[in-house]
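Shown next, in structure tokens, is the structure this report addresses.
Protein chains get the first letters and strands the later ones, always in sequence-line order, with residue 1 at the start of each.
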Amino acid sequence: MNLISCYKLSVGYENKKVVTDVNININTGDYLVIVGDNGSGKTTIVKTLLGLIKPLRGKISFNVEKNSIGYLPQKNEDKSNFPASVYEVVISGCLNSKKWLSFYNKSDAQRVNINLHKFGVAKLKNKNFKELSGGERQRVLLARAMCAFSKVLILDEPNTGLDQKTTRELYDLIEKINKEGITIIMISHDLDKTLKYANKILEVKEGKAIYRTKEQYLSGVNV
Amino acid sequence: MSVISEMLSYAFLSRALIAGILISICASLLGVVLVLKNYSMIGDGLSHVGFGSLAVATALGLAPLKVTIPIVIIVAFFLLKINDSSKIKGDAAIALIASSSMAIGVLSVSLRGVNTDINNYLFGSILSISQSDVLLSVTLTLIILALYIIFYNKIFIVTFDENFAKAVGINTDLYNMLIAILTAITIVLGMRLMGSLLISSLIIFPTLTSMRLFKTFKSVIVSSMLVSVICFIIGMILSYNYSLPTGSSIVVVNMLCLILFSVINQIKLHVNK
């Protein structure tokens with residue numbers, strides 16, 4: 001089933017176009033990797049898909065509820081000083097299903113426990129988020145994204161600051177949830193490591209975006 | 001205890017105590033959000049703007065609070081917007097606005113030729129707390145407490161991770177505005193007691209102090225509230241007993257409390273090793 005598609009989409013800030021002519025079709029169970037140099041506009045595309053910034057031109061059509069798109073932001077802000085327990089962080093993912101009243105109930109707590117176990121961070125539940133290692137933090141944030149009832153998970157360079165072993169473990173975990181039917185959209189620096197998981201590739205280069213299936217990409221077909 | 005009952009026998013002191021405790025609660029609750037969002041400087045800037053508009057209002061013979069609160073709210077909106085846009089450096093803009101407001105305030109007071117007022121505005125005066133200030137403080141505290149409890153979980157996520165909050169469909173701008181309005185009102189009310197130069201300490205100290213020892217969001221909030229109220233009461237008692245300026249006494253008690261918490265934290269780290 002087609003979940004997200006956009007046609008001739010231009011993304012950018014105010015009047016500064018960053019990437020033009022983005023055409024993508026994302027179906028249930030897809031694993032899309034977005035590659036490109038630093039500053040090429042990968043994050044801008046993702047933020048537009050999430051609705052954090054408005055598209056400059058073109059339209060995105062969603063066949064999925066907006067709030068079932070989970071998001072793992074790029075690690076940029078320094079949260080190393082923030083007082084928050086792992087539990088407080090993970091349960092905040094449950095907020096997306098709430099309208100005005102934002103109290104958590106029993107089923108929220110259950111969902112948190114399931115996801116804490118799924119991502120192997122159950123024993124860190126009462127730990128302070130700032131005391132975790134980089135890999136543990138990403139797992140906790142993944143658990144939070146999954147608490148948001150996500151059908152689509154957008155990850156912005158989830159391996160930033162992680163060593164090779166932790167990165168591999170994280171990728172395996174993401175593959176596991178992809179196999180369970182969660183659609184993955186991931187910005188990645190190193191395509192050679194992520195290519196084996198992907199079935200679609202979006203290359204962002206010099207203000208253009210080339211969208212191909214993995215087969216087309218490997219055989220170098222231009223579309 | 002006898003000191004407290006002695007203090008309560010003075011109407012103006014009991015008014016100052018009630019208003020001060022309530023303002024301390026509001027300031028500490030908002031402080032947690034402001035400090036963690038790196039907005040501490042906004043609080044400081046707003047207090048200077050508060051001084052400027054209070055002085056101008058007095059010089060023009062207008063009702064001080066009715067003029068000052070809307071002006072400070074507008075400036076709060078403005079400062080939030082500057083902070084979000086990367087084009088202008090937020091801290092430089094805050095410094096400019098703060099010093100300009102101070103200058104305008106001092107000028108307008110001295111043009112009227114009443115210099116004694118400046119001291120009251122800058123360093124606060126417990127004599128300036130009126131019956132209506134107390135009423136306003138009670139109302140404000142109730143509103144802030146209610147909003148804080150109702151939106152607690154959303155306040156957490158907007159503070160912790162604004163991008164994620166936006167992605168799950170939370171109107172983060174709305175919450176930032178709410179925080180700005182409440183901060184503006186708290187600062188204007190607190191300024192009369194603490195003075196515009198010292199009010200921002202009421203916002204910043206309790207949070208920083210609590211963060212030494214407490215590691216979850218909820219515990220930091222509860223601790224900040226308690227630290228803020230206790231430091232206020234101790235400061236008031238010291239100021240009454242030894243005839244010290246109130247605002248400064250409260251700030252010094254807060255400072256000592258921060259040092260105490262830091263030392264306890266160091267000892268804890270040492271013992272755990």
### Task
Apply side-chain contact (heavy atoms from CB on, under 4.5 Å) to A/Leu95 and B/Phe156, showing your working.
CA-CA 11 Å; A/Leu95 270 180; B/Phe156 169 78; over 6 Å; no
### Message
For A/Phe103 and B/Tyr152, I'd like to know if the aromatic rings sit close, meaning centre-to-centre distance below 6.0 Å.
### Response
no
### Task
Please confirm whether the backbone N or O of B/Thr216 pairs with a side-chain atom of A/Glu88, one donor and one acceptor, at under 3.5 Å?
no
### Query
In terms of heavy-atom proximity below 4.5 Å to chain B, should A/Val89 be classed as side chain, backbone, both, or neither?
both
#### Entry: Worked check of side-chain contact (heavy atoms from CB on, under 4.5 Å) between B/Asn163 and A/Lys47
CA-CA 9 Å; B/Asn163 272 332; A/Lys47 282 191 170 169; 4.1 Å; yes
### Query
A/Lys127 and B/Lys215: side-chain contact (heavy atoms from CB on, under 4.5 Å), yes or no, with the steps?
CA-CA 9 Å; A/Lys127 270 220 162 184; B/Lys215 309 295 179 193; over 6 Å; no
### Task
Supply the atom-to-atom distance B/Phe164 CZ to A/Ser92 OG, rounded to the nearest 0.5 angstrom.
5.5 Å
### Message
Can you classify the ring geometry of B/Phe160 versus A/Phe129 as parallel (below 30°), tilted (30 to 60°) or perpendicular (above 60°)?
### Response
perpendicular
### Summary
Most contact-rich option vs chain A, by heavy-atom pairs under 4.5 angstrom, among B/Val35, B/Ile170, B/Ile157, B/Val32, is B/Ile157
### Query
More than 12 non-hydrogen atoms from neighbouring residues, nucleotides or ligands closer than 6.0 Å to CD on A/Glu206, yes or no?
no
### Query
Between A/Leu52, A/Leu141, A/Ile154, which residue shows the highest count of heavy-atom pairs closer than 4.5 Å to chain B?
A/Leu52
### Message
Taking the side chain as everything from C-beta on, heavy atoms only, tell me whether A/Leu50 gets closer than 4.5 Å to B/Lys166.
### Response
no
